[in-house]
Amino acid sequence: MDILAELNPAQREAVEAIGGPVLILAGPGSGKTRVITHRVAYLIKVCRVNPRRIMAVTFTNKAAREMEARLEQLVSGSVGNITLGTFHAICARILRQDGKAINVSPRFVIYDAADQLSLIKRGMQEINIDPKQYAPAAVASVISAAKSQLLTPVDYVKQGHSYFEEIVSRTYERYQQLLEESNALDFDDLLMKAVRLFNKSPEVLSKYQSRYLHILVDEFQDTNTVQYELVKQLAGKHRNICVVGDPDQSIYSWRSADLRNILSFEKDYPDAKVVILEQNYRSTKMILDTASSVISANEQRKPKELWTDNETGEPVRVVETYTEQEEARFVVSEIERLVDLGESRLGDCAVMYRTNAQSRVIEEAFIRYGTPYKLVAGTRFYERREIKDVIAYFRLIHNPQDVVSLLRIINIPGRGIGQQTLAKLSEWAKSLGISQMEALQLLVEAKEREEIPEHSFSARTVRALTDFWNLMDGLSTSSRVLDLVALFDLVVGASGYQQYIQGGPDGEERWENILELRSVAREYQDLNPPEGLTAFLEKVSLVSDVDSLDETTDRVTLITLHQAKGLEFPIVFIVGMEERLLPHFRSFDDLAQMEEERRLCYVGITRAKRQVYLVYAFRRTLMGSSAVNQPSRFLDDIPRHLVSSPSWWQEGDRQVTEAIYSWNGNSYAGPPDSEPAVVAGKEAVPELKAGDHVKHAHFGPGVVVSCKDVNDDCEVVVAFDGQGVKRLLLSLAGLEKVD
DNA sequence: CGAAAGGCTCTTTTT
DNA sequence: GAGCCTTTCG
């Protein structure tokens with residue numbers, strides 16, 4: 001297969017420029033992914049570079065997986081030796097391999113944002129800082145930013161001036177100590193310590209520098225200072241570094257991503273070859289023009305002209321609804337309409353929003369209509385309590401020093417070990433200069449020798465504590481011989497966790513989640529005992545929500561604008577196009593942040609191939625209270641000729657009196673004071689009772705479980721054959737009674 | 001010690 | 001509106 005065929009001249013140039021630094025500026029839909037994969041394939045097939053000597057950094061694990069799959073097709077063979085993954089995953093690997101040089105034990109655990117926050121709270125407590133006065137989350141984000149600038153606690157102290165910075169500084173110091181005692185790294189540490197490793201150990205650096213002949217970085221506009229530093233270090237010897245990005249799609253500055261990285265690349269590498277990809281293959285002219293009109297209002301930006309040979313397409317549709325509920329209903333009914341027309345499938349459609357909180361109302365509407373959807377970040381799987389609990393057991397087995405995990409599960413399920421006991425235990429361990437697990441071990445040994453205890457635990461408490469230690473010790477022992485799945489079953493069984501969770505609220509659902517985690521463990525079953533556990537923990541620590549997005553099922557995708565980066569859909573709905581939401585109110589007092597909101601909007605629009613809907617609600621409930629918001633300022637920048645004339649939304653036979661007004665008419669003509677109009681055309685809806693057999697357009701045949709009257713309507717619970725149990729609204733779901 | 005209830009705060013985006 | 005924390009009582 002000719003790797004250069006099917007590439008346009010600019011793309012081809014980007015693929016063939018293999019000596020020295022290369023900057024590829026790739027507008028949305030310009031075939032960026034294609035260029036990257038073809039470039040790597042070109043290196044392997046044509047330039048005969050050993051895949052082992054190539055590193056490719058992606059933004060998500062999913063992107064890495066996809067790239068690997070495409071590569072294997074292109075080079076028709078294994079590329080297993082290539083280093084491919086996110087910065088975090090690659091750094092974790094480097095640190096496990098060579099971290100010893102800077103005292104990073106290979107058994108470290110990785111703390112996610114929640115673990116980090118809990119440890120910071122603990123640190124603040126220990127040095128008597130009132131969490132009510134200084135929000136731990138705020139302190140956490142400053143510490144994270146400091147780490148992203150490569151500032152250690154010592155460096156940070158030198159910078160601090162304000163009283164708040166003083167507080168942060170002291171917390172940072174204590175927090176870092178706690179991390180070390182726990183043998184844990186947070187996300188920022190993974191990057192920072194890798195850079196530190198390379199600074200401290202020239203041999204290690206040289207090993208990696210020599211190995212990596214070619215380095216590629218995708219989404220370069222979203223890298224931060226540490227990441228760029230790391231790239232510079234790694235590319236220090238061969239200087240074959242290729243970065244790909246688009247400044248207009250930089251949307252992660254809050255994670256310390258620094259747009260200057262991509263803007264100053266040419267200064268850092270004056271001999272860099274720059275390739276600009278401006279032809280868009282994804283969207284219609286109308287969509288592309290809309291996107292351009294929005295983004296060109298940014299001042300701090302290099303002008304760029306995207307163009308396309310695609311057809312003109314339909315105008316963008318701007319729609320006003322009365323409330324967020326109406327907004328959700330509009331989206332679902334419009335999608336159903338499009339599907340009924342036969343030109344689109346559910347899987348073609350995506351609904352995008354600024355904040356995760358917006359997804360709930362949308363989701364409810366989809367459930368009520370019985371329209372299949374997939375929510376990318378629901379209650380994020382790995383953030384669920386039961387999942388974190390079980391993982392904590394594994395982390396503690398893997399690394400007994402892990403304080404966060406210990407405190408998480410020492411009394412889950414309840415073992416009679418309360419706050420008092422834990423405070424004493426912590427104090428006691430501290431006075432002896434040992435970890436809490438080691439203190440527990442002492443307790444066990446003292447008990448076995450029937451010594452008089454030097455602590456003040458009651459006999460009952462001693463029993464509870466020693467029981468727990470024996471449990472964990474037993475699990476550790478087993479972990480050295482059992483495969484991961486067997487260990488999994490042992491952990492949830494022996495700890496009493498299974499019984500605890502099944503007996504609690506939502507027991508079955510939570511248990512299913514745990515089984516889901518068990519199936520992840522199965523992927524590592526074939527590895528030898530210690531490696532299986534390590535690999536499993538690494539995987540569950542570094543997953544992201546988009547990683548699990550499955551594009552093959554025919555369902556509507558519900559996704560945040562951030563997560564949508566890098567994806568494309570024929571039909572895109574952006575909801576919540578309102579001031580205070582998009583742009584988000586947190587960006588109002590800062591031009592740079594406001595421009596980022598605009599880029600976010602741009603990213604959303606440019607995901608679409610065929611049709612874009614920009615939807616906003618006249619009135620919306622935010623943080624518990626309802627308020628009227630202005631339409632987003634970004635709408636003002638779209639020329640009228642790109643927008644369809646004011647649309648009136650009609651839902652089936654139902655005249656929705658409160659629904660749509662002209663988006664540009666500015667004034668709202670007046671909402672109904674009463675409840676929405678009564679559902680019309682109800683006579684077509686069948687009377688149903690429990691036990692009736694029904695049929696649904698998407699879910700197929702099923703049996704009615706229950707019916708409940710709700711405001712002139714009826715909520716029907718139906719068990720569909722093989723599709724699970726769904727809650728539907730009778731008037732909307734289109735259920736058909738079967739005899 | 002633990003369950004339950006009440007009160008408080010604060011909401012962006014994520015590897 | 002929800003999650004977190006604290007308080008209270010058994």
Side-chain angles (χ1 to χ4, degrees), chain A residues 57-64 85-92 110-114 116-118 121 125 130-133 135-138 140-141 144 147-148 185-192 219 222-224 226-227 250-257 324 352-361 376-377 379-380 382-383 385 411-423 457-458 460-461 464 504-505 538-547 559-565 576 580-588 593 596-597 599-601 603-604 621-626:
Chain A
V57 187
T58 57
F59 196 69
T60 62
N61 298 298
K62 175 167 174 279
T86 61
F87 273 111
H88 293 86
I90 290 173
C91 287
I110 299 169
Y111 280 174
D112 69 12
Q116 177 184 38
L117 195 62
S118 109
K121 277 183 197 160
Q125 224 169 43
D130 181 5
K132 291 225 171 81
Q133 253 180 57
S141 91
S144 172
K147 289 186 175 187
S148 301
L185 303 182
D186 64 19
F187 284 144
D188 302 307
D189 282 341
L190 289 174
L191 308 170
M192 192 180 177
E219 306 285 7
D222 285 320
T223 54
N224 61 29
V226 208
Q227 290 167 334
S250 162
I251 53 175
Y252 282 90
S253 72
W254 50 273
R255 217 170 77 188
S256 302
E324 69 268 30
M352 303 180 184
Y353 35 83
R354 176 66 234 264
T355 68
N356 279 307
Q358 289 168 261
S359 69
R360 224 195 69 244
V361 177
V376 175
T379 340
R380 300 184 188 124
Y382 287 97
E383 285 173 26
R385 206 176 66 227
N411 202 33
I412 303 280
R415 303 183 168 95
I417 303 172
Q419 286 309 310
Q420 296 290 328
T421 306
L422 288 177
F457 295 120
S458 71
R460 205 176 71 188
T461 307
E538 191 112 336
K539 153 99 180 189
V540 301
S541 303
L542 296 174
V543 283
S544 72
D545 295 306
V546 269
D547 290 345
I559 193 169
T560 66
L561 286 162
H562 281 88
Q563 293 170 327
K565 190 179 70 164
R580 297 174 65 211
L581 210 46
L582 183 65
H584 196 269
F585 68 94
R586 295 276 286 245
S587 62
F588 278 7
Q593 279 190 53
E596 183 151 315
E597 296 291 305
R599 292 195 291 269
L600 201 48
C601 183
V603 166
T621 304
L622 278 175
M623 298 177 226
S625 59
S626 173

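Chain letters run A, B, ... following the sequence lines, proteins first, then strands; residues in each count from 1.
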Mind calculating the distance between [atom1] ([X]) and [atom2] ([N]) to the nearest angstrom?
X	N	atom1	atom2	result
I412(A)	dG2(B)	CD1	P	9 Å
D130(A)	dC8(B)	CG	C1'	14 Å
N411(A)	dC1(B)	CG	C1'	8 Å
I251(A)	dT14(B)	CD1	P	9 Å
W254(A)	dT11(B)	CH2	P	15 Å
M352(A)	dT13(B)	CE	P	16 Å
L561(A)	dT13(B)	CG	P	11 Å
N224(A)	dT14(B)	CG	P	17 Å

Do side-chain atoms of [X] reach the backbone of [Y] as a donor and acceptor pair under 3.5 angstrom?
X	Y	result
D186(A)	Y111(A)	no
Y353(A)	L561(A)	no
E324(A)	Q358(A)	no
E597(A)	S587(A)	no

For [N], does either OP1 or OP2 sit under 4.0 Å from a side-chain N or O belonging to [X]?
X	N	answer
Q419(A)	dC1(B)	no
N61(A)	dT15(B)	no
T60(A)	dT15(B)	no
N356(A)	dT14(B)	yes

Ignoring the backbone of [X], work out which of [options] is nearest its side chain.
X	options	value
T355(A)	dT13(B), dT15(B), dT14(B)	dT13(B)
R586(A)	dT15(B), dC1(B), dT11(B)	dT11(B)
A113(A)	dC1(B), dT13(B), dT15(B)	dT15(B)
R360(A)	dG1(C), dT11(B), dC1(B)	dG1(C)

Distances under 3.5 Å between protein N/O atoms and the N/O atoms of nucleotides 5-8 of chain C, please, pair by pair.
unit_1: dC5(C); atom_1: OP1; unit_2: K121(A); atom_2: NZ; d: 3.1

Hey, does [X] reach any base, or is it just sugar-phosphate, or nothing, if we go heavy atoms under 4.0 Å?
X	value
T421(A)	sugar-phosphate
F87(A)	nothing
E596(A)	nothing

Problem - Residue pair L542(A) / I110(A), side-chain heavy-atom distance below 4.5 Å - result: yes
Practice task
Determine whether L622(A) and L581(A) make a side-chain contact, defined as any pair of heavy atoms from C-beta on separated by less than 4.5 Å.
Solution key: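 Touching, per the 4.5 Å side-chain cut-off.
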Practice task
Measure the distance between the ring centre of F59(A) and the centre of the six-membered base ring of dT15(B), then answer whether it is under 5.5 Å with planes under 30°.
Solution key: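 By the stated criterion, F59(A) and dT15(B) do not stack.
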Handout entry: Geometric class of the H562(A)/W254(A) ring pair [parallel <30°, tilted 30-60°, perpendicular >60°]
Key = perpendicular
Handout entry: Runs of at least three consecutive pairs that involve DNA chain B, where pairs are Watson-Crick or G-U with distances under 3.5 Å
Key =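 Listed by first number, the stems are B:1-10 with C:1-10.
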